[in-house]
Trainee: 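Okay, handing you the structure first.
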Amino acid sequence: DVKVTQSSRYLVKRTGEKVFLECVQDMDHENMFWYRQDPGLGLRLIYFSYDVKMKEKGDIPEGYSVSREKKERFSLILESASTNQTSMYLCASNTHPGSGRTEAFFGQGTRLTVV
Amino acid sequence: GEDVEQSLFLSVREGDSSVINCTYTDSSSTYLYWYKQEPGAGLQLLTYIFSNMDMKQDQRLTVLLNKKDKHLSLRIADTQTGDSAIYFCAESVDTGRRALTFGSGTRLQVQP
């Protein structure tokens, strides 16, 4: 069974802290994504990576960075957490679009609260 | 550009059919997907349709695609309380963008 695992379900951090959200997939997928989910706004793409050490900005990259040192692991970093980054964060992965269907497989989500 | 829109809320009675609608703007869509999100969980793929199809049926789920109007719908027959969730439509396009574009999600509430 395919699996995307996020390291934490719930996190509470203080304003100004550096925060790491970790995601691991076991499907040997090339692509990995970080989305942010807020009520009424759906899922918004923060960053994605299409290969080890490769990354591209999504629609809302400000205040975030990412790291992909290994194919199976994709980390989202909040350099200095702010209260407007309180949200549900979803990690996903998929395979290269050249192979046809590109449905994304999702982790269970991390609900981050910044106080 | 890509834009996917859904209504935010739908309420139905148990046993009735639910129809969740979605519109998209990108004519180069290749696959369109429906995902389900239960409370506190990630998204699960429910079904998908290739853009050259107009209908797909999978047990209680029927997906209809009107490519001319860029309209996608998900019909759930005999809706159950366990179907209460947020439903997202999403599209992938053939322009090389690897990420799916999601709608805002429709919250389906099933009344007993």
Side-chain angles (χ1 to χ4, degrees), chain A residues 1-6 8-10 21 23 25 27 29-51 54-61 66 74 88-111, chain B residues 1-10 20-26 28-53 56 58 63 72 85-107:
Chain A
D1 210 12
V2 297
K3 213 161 189 172
V4 178
T5 305
Q6 294 181 231
S8 305
R9 290 295 301 271
Y10 302 95
L21 302 184
C23 176
Q25 52 98 2
M27 296 163 283
H29 282 165
E30 296 86 359
N31 307 320
M32 296 187 75
F33 311 90
W34 277 104
Y35 289 90
R36 170 179 171 157
Q37 182 182 9
D38 299 289
L41 297 177
L43 274 69
R44 293 180 292 167
L45 182 66
I46 304 172
Y47 264 99
F48 68 98
S49 167
Y50 52 91
D51 202 349
M54 305 304 284
K55 61 185 179 186
E56 283 193 27
K57 292 179 181 179
D59 301 317
I60 51 162
V66 290
F74 191 36
M88 171 76 102
Y89 290 88
L90 292 163
C91 174
S93 71
N94 71 6
T95 191
H96 195 280
S99 57
R101 271 174 36 209
T102 56
E103 75 258 33
F105 296 86
F106 281 83
Q108 77 277 28
T110 297
R111 184 163 293 282
Chain B
E2 302 152 23
D3 198 14
V4 179
E5 293 190 357
Q6 302 176 240
S7 54
L8 290 181
F9 188 75
L10 176 66
I20 302 171
N21 294 302
C22 173
T23 57
Y24 60 97
T25 56
D26 199 318
S28 60
S29 293
T30 52
Y31 283 93
L32 294 128
Y33 306 88
W34 284 104
Y35 282 84
K36 177 183 180 182
Q37 184 183 36
E38 296 183 355
L43 275 66
Q44 283 181 286
L45 180 68
L46 270 184
T47 188
Y48 66 92
I49 188 167
F50 188 48
S51 57
N52 69 353
M53 298 169 64
K56 180 178 180 183
D58 184 0
V63 179
L72 180 74
I86 302 176
Y87 292 81
F88 291 92
C89 67
E91 62 171 352
S92 61
V93 298
D94 62 3
T95 56
R97 178 177 163 107
R98 297 166 176 83
L100 302 185
T101 301
F102 286 84
S104 55
T106 299
R107 182 177 293 276

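Model, not experiment: these values are computed from the prediction. In what follows, every chain begins at residue 1, and chains take the letters A, B, ... in the order their sequences are listed.
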Trainee: Of the backbone (N, CA, C, O) and the side chain (C-beta and beyond), which part of A:Gln6 lies under 4.5 Å from a heavy atom of chain B, both, or neither?
Mentor: neither

Trainee: Output, in order, the C-alpha distance, side-chain angles, deciding distance and verdict of ring-ring contact (aromatic ring centres under 6.0 Å, His included) for A:Phe106 and B:Tyr33.
Mentor: CA-CA 14 Å; A:Phe106 281 83; B:Tyr33 306 88; over 10 Å; no

Trainee: Which residues pass the side chain to side chain contact (heavy atoms under 4.5 Å, CB included) test with A:Arg44, not counting sequence neighbours?
Mentor: A:Arg36, A:Asp38, A:Leu41, A:Ile60

Trainee: Once salt bridge (Lys or Arg N to Asp or Glu O under 4.0 Å) is applied, do any residues pair with B:Lys36, and if so which ones, sequence neighbours excluded?
Mentor: B:Glu38

Trainee: Does the side-chain contact (heavy atoms from CB on, under 4.5 Å) test come out yes or no for A:Leu90 and B:Gln37, once each step is laid out?
Mentor: CA-CA 12 Å; A:Leu90 292 163; B:Gln37 184 183 36; 4.3 Å; yes

Trainee: Heavy-atom distance under 4.5 Å to chain A: side chain of B:Tyr35, backbone, both or neither?
Mentor: side chain

Trainee: Can any side-chain N or O of A:Arg111 pair as donor or acceptor with the backbone N or O of B:Gly40 at less than 3.5 Å?
Mentor: no

Trainee: With rounding to the nearest 0.5 Å, note down the distance linking OG1 in B:Thr101 to CG in A:Asp59.
Mentor: 7.5 Å

Trainee: How far apart are the closest heavy atoms of A:Tyr35 and B:Leu100, and which atoms are they?
Mentor: OH-O, 3.0 Å

Trainee: If every non-hydrogen atom of A:Gly40 is compared with every non-hydrogen atom of B:Ser104, which pair is closest and at what distance?
Mentor: O-CB, 3.8 Å

